[in-house]
Every structure is written in structure tokens, then in C-alpha cells.
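Notes follow once the structure below has been shown.
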Amino acid sequence: MGIGAATYWILAKELRTELRTRELLHTTVVFVLLVVVLFSFTFEPTREESRRYGPGLLWLALLFAGSLMLQPAFIREQNNDTLSALRLAPIASLAIFLGKALASFVFLTVAELFLLPIFAALYGVAILPVLGEILVVLALGTLGMVTTGTVFAAIGVQARMRELLLPLLLLPLLVPVLIASVSATASLLALEPSMDWTAMKFLIGFDVIYLAASALLFEFLLED
Amino acid sequence: MHRNGSFRFELSGTLAVAALMGVAGYAVFFLAPTERTMGEIQRIFYFHVASAWTAFLAFFIVFVANLNYLMRRRPVWDQLAVAAAEVGIAFCTVVLLTGPIWAKPVWGIWWTWDARLTSTFVLWLLYVGYLLLRSLVEDPGRRAVTSAVFGIFAFLDVPIVYMSIRWWRTQHPEPVIAGGEGSGLDPTMWRVLLVCLMAMVALLVLLLRQRFRLEQLRGKLEELRLHIGAKPTPRF
């Protein structure tokens with residue numbers, strides 16, 4: 001089977017398992033909502049302050065959600081011992097990585113689409129005029145998150161205390177993604193919206209570097 | 001085994017490093033000129049910068065060892081990696097402690113979120129994560145592979161973190177060494193810094209050797225215990 005077809009089947013399998021229970025989606029959506037509400041208690045969300053802190057808390061919520069939701073996808077495989085089946089399947093390990101990462105990308109994007117209007121309403125920021133650009137920023141940042149997160153989830157599944165371990169490994173690594181995404185989002189939500197091209201190029205660079213590194217190194221993590 | 005000879009070699013090596021440290025200390029306090037604006041406190045610079053460069057060297061060794069382990073699968077590379085990571089964290093901790101001690105009297109604050117401070121802090125967190133990961137994976141083979149992959153990811157992140165903070169969160173002093181126009185270091189200061197750097201790198205080699213040998217002994221012990229069917233030793 002070619003890599004494309006294998007990736008498609010892994011992705012389809014991930015989506016099908018998730019849609020049966022929707023556990024991950026539900027918990028992630030509730031979690032991001034909770035974080036956004038809790039943040040509002042740490043400062044007075046006036047218009048001015050929302051504009052200053054809004055992008056940062058949006059991305060922090062997404063980062064925390066990502067670091068929590070990426071691990072279960074692998075733990076599920078291990079509990080049912082389907083990871084060995086995946087290993088034995090005559091497909092490239094790259095396809096397993098791509099399928100899993102794409103599935104997480106879909107789940108996180110769904111959570112983001114759900115969060116975005118609520119965030120805009122609660123914090124009084126005008127998102128509609130720059131919706132397209134915001135979605136591009138979200139996609140680039142999320143891609144960086146799921147790329148590194150999928151590799152680290154494959155690492156974490158082999159360790160003890162794995163639910164706690166993933167955020168500890170992932171969050172410091174994602175500092176650059178956080179900084180660049182927040183900067184890009186902040187300039188889009190400013191009074192005079194503009195595109196932070198440096199941040200966009202930076203995010204693309206991060207995504208490319210870690211996609212390449214993951215493609216090269218992921219197979220080592222599947223060995224038995 | 002040449003027990004005695006090896007002991008004498010270790011002892012003389014340790015004494016040589018201690019002597020070099022003494023020379024560096026003397027140079028810092030008595031040979032280096034006093035800086036015009038900052039005064040005596042600036043002397044911490046020699047230990048601060050030398051430790052920083054030594055920490056980077058140690059983390060680079062971790063990276064090379066990680067790559068070699070994945071390609072060659074010899075346990076020595078894993079043992080070298082963990083030894084270098086631990087010693088590197090020690091040097092990095094020195095940097096993070098001497099920094100605020102220097103900053104307080106000069107800038108008036110203990111900490112500022114500037115590019116070099118913040119990226120050093122993130123670097124420290126990444127390698128603490130590396131050791132944490134190692135302590136949580138039981139099987140030696142898996143521990144070596146997973147931590148090698150993480151180590152490579154972490155090392156790739158260092159320049160990216162630095163650039164991201166430098167571009168978006170700058171408020172830091174211009175680099176003095178290899179900076180732009182008007183920056184530069186007094187020749188005597190340079191020489192003292194080099195002596196300090198030599199002393200720190202010698203200390204790195206000494207600590208790395210000891211830690212590496214300890215890790216090798218641990219590996220052997222683990223093998224023997226597995227051989228007789230005992231439970232593996234808990235790791236820290």
C-alpha cells in the first residue's frame with residue numbers, strides 16, 4: 001500500500017473510533033471553554049485589556065488542550081494492544097505518523113472552530129473581518145502542535161505517568177509556536193488589523209523543520 | 001585491573017582541574033581590570049559566560065550522542081548522552097543563578113524576560129524534561145531510543161526559541177561579544193575569560209568522565225541483575 005492510501009486508512013480509522021464515543025472531542029471542547037472562562041477571572045476583560053491579553057489566553061488554552069488530548073490517542077492503542085497490530089501492518093511508519101497527526105489536527109481544529117465564536121463574544125473582539133487570516137494562523141500553529149505532539153505521545157506511551165509527562169515535554173518545546181502565533185493573532189485583532197508576515201514565515205519554518213524531523217525519527221519509536 | 005595506576009591518574013587529573021580553577025579565580029579577581037560603570041560585580045561575568053558556553057558544549061555533546069545512538073545502537077552513546085545532559089544542566093543552573101546575582105545591582109532587577117535569559121531558561125526546562133523522561137521509562141532499550149528522539153527535538157528547538165524571543169520580545173542589552181559596531185571586550189578581559197573557559201571545560205571533562213563511568217557501571221549492574229532474574233534497580 002502506498003503512503004497516501006495507508007495514511008488515509010489510518011486517518012479514517014482514527015476518526016471512526018473517535019466518532020463512536022466522541023470522548024476526546026467532548027473533553028477538549030469543555031476544557032478549552034473552561035480555561036477561557038477561568039482566564040476572565042484573572043483580569044478585568046474590558047475592550048482594551050481583551051485586545052492585549054486575548055490572543056495570549058486563546059493560544060494558552062489551545063496549547064493546554066493540545067498537550068492533554070494528544071496522549072489518549074496512543075493510550076487507546078496500547079490498552080487494546082492495537083499498537084502491535086499497527087506495527088506489524090505492512091505500511092510505512094510515516095503513514096502511521098501522518099494519519100495520527102492528521103486526526104489530531106482535525107480534532108483540535110473542530111475544538112478551535114467551536115471556541116472561536118464564543119471567545120469573540122465573551123471578550124468582545126471582532127473576529128469576522130479577519131476570519132480567513134485567523135484560520136490560517138490557527139492552522140499553522142495547530143500543525144506545529146500536532147506534529148511534535150504526536151511524536152511525544154509515541155514517546156510518552158512508553159513511559160510511566162504518561163498523562164503528566166506529555167505537557168512537561170511538549171510545552172517548553174512549543175514556546176516558539178506560542179510566541180509567533182500570539183504575535184500573529186494580536187496584530188490581526190488590533191485596532192488596525194495587519195498580517196504579521198514574520199510570524200507566519202516563522203510558523204511555516206517551525207512546521208517544516210519538525211515535520212521533517214518527525215518523518216525521520218518516528219519509526220524509531222515504533223520498534224519493539 | 002590497574003587499580004592503583006588508574007586511581008593516581010584520576011587524582012592527578014582532579015588536582016590539575018582544581019589548580020586550573022584556582023588560577024582562573026586568581027585571574028578574575030586580581031588580573032582582570034575593574035569595569036568602568038559596573039564595578040566589581042562585573043567580575044561575575046567571567047564565570048557566567050564561561051559556564052554558559054560550557055553548558056552549550058555539553059548539550060551539543062548530548063545531541064551528537066543521541067544521533068549516534070539512533071544510528072549505531074551502542075549503549076555507550078546513551079551513557080554519554082545522559083552524562084553530558086546532567087553535567088550540562090549543572091552548568092546551565094550556574095548560568096541561571098549567576099545571571100540574577102549580576103543583574104540585580106546592575107539593572108536593578110533580578111530577572112528580565114529578554115531573549116538570552118528566557119531561552120536559557122527554556123533550554124534548562126527542556127533538558128530537565130529529558131532527564132525526567134529517562135527516569136520514567138523502565139526498559140533500558142526503550143529509554144535510550146525515546147530519550148534520544150526527544151534530545152534531538154530539544155536541541156533543534158534551542159535556536160528557534162532564541163530567534164522567536166529575540167524577534168518578538170526584545171528589550172535586552174546588545175551583545176558585547178561578537179555584537180555590532182562599538183561592542184568589544186578589553187584584551188585583558190578576553191584573556192581572563194579564555195582562562196575561565198579553559199577551567200570550566202576542564203571541569204566539564206572531569207565531571208563527564210566520572211558520570212559516564214558511573215553510568216557504565218549502572219548498565220553493567222542492570223545487566224547482571226537481569227541475568228540472575230532480579231528486579232531492575234530503580235533509577236533516579
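Predicted model only: the values in this text are computed from it and were never measured. Order of the sequence lines sets the chain letters (A, B, ...), proteins ahead of strands, with each chain counted from 1. Atom set for the values below is all heavy atoms of this structure, side chains included, hydrogens, waters and symmetry mates excluded.
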If you measure from CD on A/Q158 to CG on B/L133, what distance do you get to the nearest 0.5 Å? 9.5 Å
Test log, rule side chain to side chain contact (heavy atoms under 4.5 Å, CB included), inputs B/T146 and A/F220: CA-CA 8 Å; B/T146 49; A/F220 292 115; over 6 Å; no
Determine the option with the most heavy-atom pairs under 4.5 angstrom with chain A, choosing from B/L126, B/I160, B/V161. B/I160
Between A/I209 and chain B, with a heavy-atom cut-off of 4.5 Å, which part of the residue counts as in contact: side chain, backbone, both or neither? side chain
Under 4.5 Å heavy-atom distance to chain B, tell me which part of A/F206 shows up: side chain, backbone, both or neither. side chain
Applying a criterion of heavy atom separation less than 4.5 Å, what residues of residues 147-159 of chain B form contacts with chain A? B/V149, B/F150, B/I152, B/F153, B/A154, B/L156, B/D157
Contacting region of A/V182 [heavy-atom separation from chain B under 4.5 Å]: neither
Relative to chain B, which segment of A/L165 carries a heavy atom at a distance below 4.5 Å: side chain, backbone, both, or neither? side chain
Greatest number of non-hydrogen atom pairs under 4.5 angstrom with chain B, of A/L216, A/L174, A/V175, A/L173, falls to A/L173
Toward chain B, the part of A/L169 with a non-hydrogen atom under 4.5 Å: both
Against chain B, work out which of A/T148, A/V177, A/V151 has the most heavy-atom pairs shorter than 4.5 Å and name it. A/V151
Relative to chain B, which segment of A/A199 carries a heavy atom at a distance below 4.5 Å: side chain, backbone, both, or neither? both
Do any N or O atoms from the side chain of A/R160 and from the backbone of B/S135 form a donor-acceptor pair under 3.5 angstrom? yes
